[in-house]
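Below: one structure, written as structure tokens.
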There are 2 protein chains.
Amino acid sequence: MFSGCSAENPPIRIGDKWTSKIIVCLKSGPRRFSELQVPLRGVTPKVLTATLRAMERDGLVTRTAYPEIPPRVEYELSPLGRTLLEPMAAMCAWSRAHLHELLDARESAL
Amino acid sequence: MFSGCSAENPPIRIGDKWTSKIIVCLKSGPRRFSELQVPLRGVTPKVLTATLRAMERDGLVTRTAYPEIPPRVEYELSPLGRTLLEPMAAMCAWSRAHLHELLDARESAL
DNA sequence: CTGTATCCTCGCCGATACTG
DNA sequence: CAGTATCGGCGAGGATACAG
């Protein structure tokens with residue numbers, strides 16, 4: 001979620017390492033598997049698949065496979081997934097407002 | 001943070017396993033080391049110390065040691081730490097409103 | 001293109017015992 | 001009471017190769 005926010009390794013996360021970032025990537029509409037791999041720099045297909053499957057089980061995203069050659073699969077935020085955007089925005093606002101204080105404090109403590 | 005919310009193993013966390021719960025425990029005022037161990041069921045002193053030290057480095061809590069016998073140490077939320085209560089409340093509200101949907105979806109997917 | 005299948009590393013976290 | 005010391009498990013997640 002904080003990929004477009006401020007920090008590389010933020011102290012605030014939703015669930016696992018990639019879930020929140022995927023939600024942000026799907027905010028503006030459906031995305032293909034390979035389209036997700038790009039902004040999520042360096043995520044391996046195994047981990048991306050696992051994360052998406054977990055989110056699908058939790059009803060946060062929908063998976064649509066088109067029977068074509070080559071195959072095409074689109075992931076989209078479900079209505080439930082969209083409800084997460086609001087509290088995530090609150091967290092994002094906190095980061096913008098205060099994360100630098102936290103990082104400053106951390107650095108001062110070296 | 002969700003200890004007083006709804007779920008045992010919530011999909012939303014702040015930082016590591018205990019940070020958010022500690023913030024909640026300190027919400028109403030300073031607490032001693034042993035007072036924190038009780039609500040955080042079963043946290044070992046090593047992990048609690050490590051978590052509190054990290055939060056102290058990040059400027060989220062203040063540590064006050066009183067030179068007495070037996071020793072007494074109090075931990076308290078800093079102003080910066082208190083700013084986290086607001087976005088955490090938003091997440092908590094999300095949990096109350098939607099977490100059951102997520103858990104239902106997860107159960108249906110068995 | 002969209003995944004699976006293995007293997008492996010690394011760090012969080014717990015258990016237990018001990019100390020000032 | 002408030003920690004420190006040591007050991008170890010376990011699972012998330014990365015590297016790499018392969019498949020439909």
Side-chain angles (χ1 to χ4, degrees), chain A residues 1-3 8-23 25-26 29-58 60-76 106 109, chain B residues 1-3 8-23 25-26 29-58 60-76 106 109:
Chain A
M1 101 170 155
F2 295 93
S3 54
E8 260 297 299
N9 209 6
I12 301 178
R13 310 180 350 193
I14 295 188
D16 59 18
K17 181 173 183 179
W18 300 102
T19 298
S20 52
K21 296 181 181 181
I22 290 175
I23 291 178
C25 290
L26 294 179
R31 293 283 180 268
R32 304 181 57 171
F33 189 87
S34 49
E35 289 178 319
L36 288 171
Q37 281 187 293
V38 179
L40 310 176
R41 290 195 306 162
V43 67
T44 60
K46 169 198 159 190
V47 173
L48 181 55
T49 301
T51 307
L52 287 168
R53 292 277 192 276
M55 295 175 73
E56 193 186 2
R57 277 199 313 274
D58 287 349
L60 298 177
V61 300
T62 58
R63 179 181 180 276
T64 310
Y66 299 90
E68 308 171 352
I69 302 290
R72 181 166 58 99
V73 178
E74 286 195 339
Y75 294 91
E76 187 172 14
R106 185 179 295 181
Chain B
M1 96 175 166
F2 295 94
S3 55
E8 261 297 300
N9 210 6
I12 302 178
R13 311 179 349 195
I14 294 187
D16 59 16
K17 182 174 182 178
W18 299 102
T19 297
S20 54
K21 296 180 181 180
I22 289 175
I23 291 178
C25 290
L26 295 179
R31 293 283 181 268
R32 305 180 56 168
F33 190 87
S34 50
E35 288 177 320
L36 288 171
Q37 282 187 292
V38 178
L40 310 177
R41 291 193 305 160
V43 67
T44 60
K46 168 196 160 190
V47 174
L48 181 56
T49 300
T51 306
L52 287 168
R53 291 278 191 276
M55 295 175 73
E56 193 186 2
R57 277 199 313 275
D58 287 350
L60 298 177
V61 300
T62 58
R63 179 181 181 276
T64 310
Y66 300 90
E68 310 170 353
I69 301 291
R72 179 166 60 99
V73 178
E74 285 195 338
Y75 294 92
E76 187 172 14
R106 185 180 295 182

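Residue numbers start from 1 in every chain, and the chains themselves are labelled A, B, ... in the order their sequence lines are given, proteins ahead of strands.
Contacts between residues 29-36 of chain B and DNA chain D, defined by a heavy-atom separation below 4.0 Å, involve B:Arg32, B:Phe33, B:Ser34, listed by number.
Each end of the helix from C:dC1-D:dG20 to C:dG20-D:dC1 gets its own axis, taken as the rotation carrying the C1' atoms of four end pairs onto the next four within a five-pair window, and the two axes meet at 50° to the nearest 10 degrees.
Residue B:Arg63 is tested with B:Glu76, B:Arg53, B:Glu74 for a side-chain contact (heavy atoms from CB on, under 4.5 Å); the sole match is B:Arg53.
Within 4.0 Å (heavy atoms only), B:Tyr66 reaches no atom of the nucleic acid at all.
Taking every side-chain heavy atom of A:Lys46 into account, D:dA15 is the closest of D:dG3, D:dC1, D:dA15. Out of D:dG13, D:dG3, D:dG14, the shortest distance to the side chain of A:Asp16 is found at D:dG13.
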Does the side-chain contact (heavy atoms from CB on, under 4.5 Å) test come out yes or no for A:Val47 and A:Asp16, once each step is laid out? CA-CA 11 Å; A:Val47 173; A:Asp16 59 18; over 6 Å; no

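Closest-nucleotide positions on DNA chain D for A:Pro45 and B:Val73 were compared, and the one nearer the 5' end corresponds to B:Val73. The nearest heavy atom of DNA chain C to A:Gln37 and to B:Trp18 marks one nucleotide each, and the one closer to the 5' end goes with A:Gln37.
The nearest whole Å value for the distance from the CD atom in B:Glu56 to the P atom in D:dG3 is 10 Å. Rounded to whole angstrom, the span from the CG atom of A:Leu40 across to the C1' atom of D:dA12 amounts to 16 Å. If you measure from atom CZ of A:Arg53 to atom C1' of D:dA12, you get 18 Å, rounded to the nearest angstrom. Note: CE (A:Met55) to P (D:dA12) measures 16 Å, nearest angstrom.
If you walk DNA chain C from 5' to 3' and mark each nucleotide with an atom closer than 4.0 Å to a heavy atom of chain B, the marks span C:dC13 to C:dG20.
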